[in-house]
Amino acid sequence: MALRRGHIRYLKVCEVQRELYDNGYEQMMEDDDARTNLIVNYLPQSMSQDELRSLFSSVGDVESAKLIRDKVAGNSPQYYCSHSLGYGFVNFVNPNDAERAISTLNGLRLQSKTIKVSFARPSSDMIKDANLYISGLPRTLSQQDLEDMFSRYGNIINSRVLVDQASGLSRGVAFIRFDKRSEAEDAVKHLNGHTPPGSSEPITVKFAANPNQARNSQMMSQMYHGQSRRFGGPVHHQAQRFRFSPMSVDHMGSGGGVSGNSSSGWCIFIYNLGQDADEAILWQMFGPFGAVVNVKVIRDFNTNKCKGFGFVTMTNYEEAAMAIHSLNGYRLGDKVLQVSFKTSKGHK
DNA sequence: CGACGGGACGC
DNA sequence: CGACGGGACGC
């Protein structure tokens, strides 16, 4: 770090020399970091950045320790608590210490976790968003089989086949993280829709949703079913804020001349969402108008970016109508939304 | 300028 | 079991 700062300052002062030195220094920095910089995964939720640093300081001089946290969940001042994402980076001064940290701390059990300590790959955007979600796998397929199937497309960082908690049997769903996004793209291109030998079903290979997306929908569906109380404080707060009413779903009127309604409620079409729109924003916008059954942001299969529209299903006609009336023309970010009852499929 | 979904997302 | 990519011209 210190070296890099010096390097940068030097470049600012001496622009003419930039091209001559840049590559060489950059290479040197990467080599340097590659032997001292560690990534630490599966940290307990409660561990702070200071605790991370002091844990690794027991091995040697730590140049920097960084705990990765979620983005300061945007807009609302009452959510100023940022959450550990459960991993971090520790850069040692000395390469020997980094090596010793791997051998002594990798596999260490902390609370209910077993941490993983390994060299961090050189930072680059090529390694971001390289996590794939695979479904439709034969239940007999092992993790090794899975890796054998995917390894020809690139270097696999980690993989996991999900199993049913009760039976311990494969759910036919897995994750694979590649070293590079391009490798993951390659695997999607070649393996999505492919039927493994001995199977009758084609598999689906796509980029995994980011965890907060996934958790959001889980959380919301739990709220809807009114079952779980094990999630934390902010959820209760949101439940109130959204005026979410799970009870009203089971007994609702079904009448209707509008194509937007169905047995599960009134479906609303939202157009002109930004590409980073997520389910949470739909809950936030529609929740205050009444019982929301379901929200869905439609995303591009490969990129996971919002395709510009989504759906919200609300239980009660009056509340849905009020939401449409209030939110149609609403400015979200730099876009003006169009909100209406969903039309039937074939109709444009 | 654009416009109406749909299995599964971390044992 | 379980969230693998931050931050950096600097007090």
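Naming: A, B, ... by sequence-line order, numbering from 1 per chain. All values below were derived from every heavy atom in this structure, side-chain atoms included, with hydrogens, water molecules and symmetry-related copies excluded. Please read all numbers here as calculations on a predicted model, not as lab measurements.
Heavy-atom distances to DNA chain B give each of A:Asp164 and A:Tyr133 a nearest nucleotide, and the one nearer the 5′ end belongs to A:Tyr133. If you find the closest nucleotide of DNA chain C to A:Tyr42 and to A:Tyr87, the one lying nearer the 5' end belongs to A:Tyr42. When the nearest nucleotides of DNA chain C are assigned to A:Ser118 and A:Gln165 by heavy-atom distance, the more 5′-ward of the two goes with A:Gln165.
The cationic group of A:Lys342 does not satisfy the cation-pi geometry with A:Phe269, failing either the under 6.0 Å distance to the six-membered ring centre or the 45° limit from the ring axis. Annotation: cation-pi geometry not satisfied between A:Arg299 and A:Phe207 (NZ/CZ under 6.0 angstrom from ring centroid, within 45° of ring axis).
Remark: ring of A:Phe89 stacked against base of C:dG6; centroid gap under 5.5 Å, plane tilt under 30°.
Computed from coordinates, the A:Phe175 CZ to B:dC9 P distance equals 8 Å when rounded to whole Å.
Here A:Lys342 does not reach the OP1 or OP2 of B:dA3: none of its side-chain N or O atoms lies under 4.0 Å away. For the pair A:Arg177 and C:dC4, the criterion of a side-chain N or O lying under 4.0 Å from OP1 or OP2 is met.
Within 4.0 Å of A:Lys307, counting heavy atoms only, lies no atom of the nucleic acid at all.
Between the side chain of A:Asn91 and the base of C:dG7 there is no donor-acceptor pair of N/O atoms closer than 3.5 Å. In this model, no side-chain donor or acceptor of A:Ser64 finds a partner on the base of C:dG7 within 3.5 Å.
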Intermediate values then yes/no, side chain to side chain contact (heavy atoms under 4.5 Å, CB included), A:Leu273 and A:Leu337: CA-CA 7 Å; A:Leu273 295 169; A:Leu337 300 183; 4.0 Å; yes

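Side chain of A:Asn96 to backbone of A:Glu99: no donor-acceptor contact under 3.5 angstrom is found.
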